[in-house]
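Reckoned from all heavy atoms, side chains included, excluding hydrogens, waters and symmetry mates. Numbers here are sequence positions counted from 1.
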Amino acid sequence: LEEFEPKHETLEFLVSLYESKRKYRARVSDVLLRLLNFERWRASAAVEMSVLAIVQDWDTYYNDEAVQVAPETSIGGALQEAALAAAARGSIGALCVQVIAAHNLVGMNPGGHSNTYYVRLSFGHVLKRTHKVSEHNNPAWHSMPLYFDVLCADAMLKCEVLVESNLVGERSLGSLSVRCPGLHVCGEPSSKRYTLAGVPHGELELKLAFVRWEPPRAPSPSCEERAFAPSATTIAQGGQVAALEPTAAPTTPLKCESAAVPSSLACTLAAPEAQTALDAANQFSVHWAVSWRTTRMS
């Protein structure tokens, strides 16, 4: 188990199974608790807040594990790292979600019962969740950031506020949906309140950011490099050379012959690899210094 890979995708699958199949929750939580006995699995779970939120429901030993951050904590610095990790798994970027708080939720009569609130998030086939809090009507989570791999820029994020009671079970207090293209895309995202649908009133405060991974661009060649490495131009049909640009002579010339070049044209190239560039029938480009001796072709 210590060597089993991939750990990130396995933990995501177990969290999604836990949230979507209530009858398997006891089994999934038992598997997660066993995996956390291994150091490498604990390291992977440390960046997946949903795993910690689940095991805290089943084992008080993990209650001291951090599942929330201070309200003023910045999450912008980790966005590029998340996008890079997502790109390595074949995604176009990463979606970052931080659940701040809910406001003016539909009232739940405590009635002496224990009510706990949490938020379930779904993105594609992946489900994640926050930890549970016990405040009524205006619960605050200030959760650690939750990251989703983005396979399609038009994907939809769904957030649902849930309350769990030891008497009536689980109940929805409203949900919302947001598409990636309309999200913040650079720097530190600001928190925003979203109106919950399906209930008379209620808002969910979130920080959302979609970061698309942009691979670094290769630097363009300098003016000196372009002047030193000219290319052959104007190739006539049938392999006949119409014109060539003159350049300085190479330091160690190597004579080469090519069937695509008339016998009246003697070529000397600065590197053996350039010979293969002359094998094309209709066009070729030489990126090494070229010198030649030729007679005017009639």
Show your working on side chain to side chain contact (heavy atoms under 4.5 Å, CB included) between L11 and S44 and close with a plain yes or no. CA-CA 8 Å; L11 292 176; S44 296; 3.8 Å; yes

**Item:** Check against side chain to side chain contact (heavy atoms under 4.5 Å, CB included), H142 and I100
**Value:** CA-CA 4 Å; H142 296 287; I100 307 299; 3.6 Å; yes

- Message: If you apply the rule side chain to side chain contact (heavy atoms under 4.5 Å, CB included), what do you find for D154 with R179, and how did you get there?
- Response: CA-CA 6 Å; D154 198 38; R179 290 191 181 275; 3.6 Å; yes

Where do L162 and Y117 land on the side chain to side chain contact (heavy atoms under 4.5 Å, CB included) test, with the steps shown first? CA-CA 6 Å; L162 298 158; Y117 299 79; over 6 Å; no

Handout entry: H131/Q56 under side chain to side chain donor-acceptor pair (under 3.5 Å): CA gap, chis, key distance, verdict
Key = CA-CA 8 Å; H131 59 290; Q56 285 180 355; over 6 Å; no

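Judged by distance alone, with hydrogens and angles left aside, the side-chain atoms of S143 form no donor-acceptor pair with the main-chain N or O of T130 at under 3.5 Å.
Looking only at side-chain heavy atoms (C-beta outward), Q98 and L146 stay at 4.5 Å or farther from each other. Under the 4.5 Å side-chain criterion, counting only non-hydrogen atoms from C-beta, S177 is not in contact with L157. A 4.5 Å side-chain heavy-atom check between E9 and R89 finds at least one atom pair inside the cut-off. With contacts defined as side-chain heavy-atom distances shorter than 4.5 Å, the pair S16/Y18 does not qualify. Taking 4.5 Å as the limit, some side-chain heavy atom of K128 sits within range of a side-chain heavy atom of E12. You'll find the side chain of L95 stays beyond 4.5 Å of the side chain of V211, heavy atoms only. In this structure, V133 and Y118 have side chains that are not in contact, with every pair of non-hydrogen atoms separated by 4.5 Å or more.
For residues 23-37, the set of pairs meeting the side chain to side chain donor-acceptor pair (under 3.5 Å) definition, not counting sequence neighbours, comprises D30-R34.
Going from atom CG of L32 over to atom OG of S50 covers 10.5 Å, rounded to the nearest 0.5 Å. In this structure, CG in L105 is found 6.5 Å from CG in L196, a value given to the nearest 0.5 Å. Summarising the geometry, atom NZ belonging to K192 is positioned 10.0 Å from atom CG belonging to L206; distances are rounded to the nearest 0.5 Å. Rounding to the nearest 0.5 angstrom, the gap separating the CZ atom in R42 from the CG atom in L52 is 11.5 Å. Taking CG of N138 as the start and CD of E203 as the end, the distance is 10.0 Å to the nearest 0.5 Å. Rounded to the nearest 0.5 Å, atoms CZ (R120) and OG (S20) are 8.5 Å apart.
With hydrophobic clusters built from ILVMFWY side chains whose heavy atoms lie under 4.5 angstrom apart, L176 shares a cluster with V126. M156 and L208 fall into different hydrophobic clusters, defined by Ile, Leu, Val, Met, Phe, Trp and Tyr side-chain heavy atoms under 4.5 Å apart, directly or through other members. Hydrophobic cluster membership is shared by L173 and W141, with clusters built from Ile, Leu, Val, Met, Phe, Trp and Tyr side chains linked at under 4.5 angstrom. In the hydrophobic clustering of ILVMFWY residues, with side-chain heavy atoms under 4.5 Å counting as a link, L121 and V163 come out together. At a threshold of 4.5 Å between side-chain heavy atoms, the hydrophobic network of Ile, Leu, Val, Met, Phe, Trp and Tyr places L151 and Y147 in two separate groups.
The cationic atom of K158 (NZ for Lys, CZ for Arg) does not lie both less than 6.0 Å from the six-membered ring centre of F123 and within 45° of the ring axis.
Using a 4.0 Å cut-off between a side-chain N of Lys or Arg and a carboxylate O of Asp or Glu, R171 and E164 do not qualify as a salt bridge. Ion pairing between a basic and an acidic side chain is recognised when a charged N comes within 4.0 Å of a carboxylate O; E170 and R22 show such pairing.
Few gaps surround CZ on F38; more than 12 heavy atoms of other groups in view lie less than 6.0 Å from it. Heavy-atom contacts from other residues, nucleotides or ligands closer than 6.0 Å to CD of E39 number 12 or fewer.
With sequence neighbours excluded, no residue forms a side-chain hydrogen bond (donor to acceptor under 3.5 Å, both in side chains) with T10. E5 pairs by the salt bridge (charged side-chain N to carboxylate O under 4.0 Å, His left out) definition with K7, not counting sequence neighbours.
With hydrogens and angles left out, the side-chain atoms of E48 and H8 include no donor and acceptor closer than 3.5 Å.
Closest non-hydrogen pair, P145 versus C96, comes out as CB-SG, 3.8 Å. Closest of all the heavy-atom pairs between E205 and S191 is OE2-OG, 3.1 Å. Between F4 and W41, the closest heavy-atom pair is CD2-CZ2, 3.8 Å. Heavy-atom minimum distance, N104 versus H201: O-ND1, 2.8 Å. Heavy atoms only, all atoms of each residue included: L36 and A45 are closest at CD2-CB, 3.5 Å. The two residues L204 and C159 have their closest heavy-atom pair at CD2-CB, 3.9 Å.
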